[in-house]
Amino acid sequence: MDIKHMKYFVEVVNQQGMTNASKSLYIAQPTISKAIKDIEKELNMPLFDRSKRQLVLTDAGSVFYHKSKEILSLYKDLPKEINSLLGLETGHISIGLSAVMNMNKFIHILGEFHQQYPNVTYNLVENGGKMIEHQLINDEIDIGITTLPVDQSIFHSLPLYQEELKLVLNKEHRLAQYQQVKMSMLKDEDFILFNEDFYLNDKIIEAAKNAGYIPNTISKISQWNFIENLLNAHLGVSILPENIVGLLNSDFKNITLEDPGMSWELGVIWKRDKYLSYATRQWIDFMKQRL
DNA sequence: ATGCATAACACTGGAACCGT
DNA sequence: ACGGTTCCAGTGTTATGCAT
């Protein structure tokens with residue numbers, strides 16, 4: 001059994017079948033079949049339940065899958081590790097960014113990190129908090145920036161900053177004259193919310209429920225800058241973190257919400273029990289120093 | 001029809017051997 | 001010591017069988 005066996009096995013699981021795996025790996029199906037048999041022979045236990053139409057992982061197969069992924073990840077990062085020992089400090093970091101955050105703060109820190117480690121490259125992906133957690137669990141990204149708290153048994157976290165959530169509406173709106181508003185006063189309003197991938201969405205719906213109603217959602221978006229157009233068109237009101245409010249056109253009115261708990265905290269999170277590349281570890285250390 | 005397993009065969013690279 | 005040849009194990013392919 002070697003790295004190649006593990007690579008084939010992981011691909012069979014990922015592609016949900018040997019035939020699909022053979023296609024994605026550009027090799028013949030029997031090669032895969034034989035490789036899986038070889039592993040099973042060496043381990044002396046089946047990795048798949050073949051009695052069903054589709055291959056199903058056995059308990060042993062599940063353990064082998066997760067361990068193989070770890071080993072393949074270690075193997076992939078080996079050249080980078082060696083480079084870091086030689087002082088070349090190269091690497092690549094995939095970062096999932098909350099689509100509801102002020103990017104300027106983050107980009108500034110990234111810029112400073114780049115000065116120190118110019119050979120490190122990045123993949124920046126914008127998403128909702130739930131999707132970021134999902135991507136971290138599936139090892140699709142190395143680091144996420146999202147809402148805290150997170151499940152501490154799955155993730156490590158580092159708080160970034162806390163901010164208030166503000167009601168944002170058109171200046172001509174009937175509530176625009178108020179300095180402070182309660183959620184209960186928004187009972188008859190149409191809400192422009194984020195989609196279900198966003199924890200902000202959950203928070204707003206929960207606050208509305210606490211105030212005794214289910215918010216009437218007129219539109220669900222995945223990019224905060226769409227809100228500007230929808231507010232301009234008098235389509236409804238929205239609730240946004242104050243850092244995002246600061247980026248909006250000044251023609252909108254933002255109002256403090258009196259209800260308790262209308263704030264949130266953003267933080268850096270990464271998966272527990274996962275091997276982190278040299279570049280990723282440096283990035284986390286750098287963030288810790290900066291914060 | 002589709003997907004996995006098996007058999008037979010081809011190709012490749014390394015080890016062993018041999019002649020110069 | 002060096003270079004050429006042979007052998008063999010490992011890894012892949014195609015063809016085909018079998019189960020669902």
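Chain A is the first sequence line, chain B the second, and so forth, proteins listed ahead of strands; every chain is numbered from 1.
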(request) Return yes when atom CG of A:Asn138 has more than 12 non-hydrogen atoms of other residues, nucleotides or ligands closer than 6.0 Å, and no otherwise. (result) yes
(request) Can you tell me the distance, in whole Å, between the CD1 atom of A:Ile3 and the P atom of C:dT11? (result) 14 Å
(message) One pair to check against side-chain hydrogen bond (donor to acceptor under 3.5 Å, both in side chains): A:Trp264 and A:Gln162. What are the steps and the verdict?
(response) CA-CA 6 Å; A:Trp264 77 353; A:Gln162 197 157 17; over 6 Å; no
(message) In this structure, how many angstroms lie between the C1' atom of C:dT11 and the NZ atom of A:Lys7, rounded?
(response) 14 Å
(message) So if I apply the side chain to side chain contact (heavy atoms under 4.5 Å, CB included) rule between A:Phe252 and each of A:His173, A:Glu228, A:Lys171, which one comes out positive?
(response) A:Glu228
(request) Would you kindly give the CG-to-P distance between A:Asn20 and B:dT2, to the nearest whole Å? (result) 12 Å
(request) For A:Phe48, report the nucleic acid contact type (base, sugar-phosphate, nothing); a contact means any heavy atom under 4.0 Å. (result) nothing
(message) Any carboxylate oxygen within less than 4.0 angstrom of a Lys/Arg side-chain nitrogen, looking at A:Asp202 and A:Lys130?
(response) yes
(request) Mind telling me whether A:Trp283 and A:Phe286 have parallel, tilted or perpendicular rings, with 30° and 60° as the class edges? (result) parallel
(request) Mind calculating the distance between CD (A:Glu40) and C1' (B:dC4) to the nearest angstrom? (result) 12 Å
(message) Of the options B:dA5, C:dG12, B:dC4, whose atoms approach the side-chain atoms of A:Tyr8 most closely?
(response) C:dG12
(request) Check whether more than 12 heavy atoms from other residues, nucleotides or ligands sit under 6.0 Å from atom OH of A:Tyr75, and answer yes or no. (result) no
(message) So if I take residues 25-34 of chain A and measure heavy-atom distances to DNA chain C, which residues fall below 4.0 Å?
(response) A:Ile27, A:Ala28, A:Pro30, A:Thr31
(request) Write down the distance between CD1 (A:Ile36) and P (B:dG3), rounded to a whole number of angstrom. (result) 16 Å
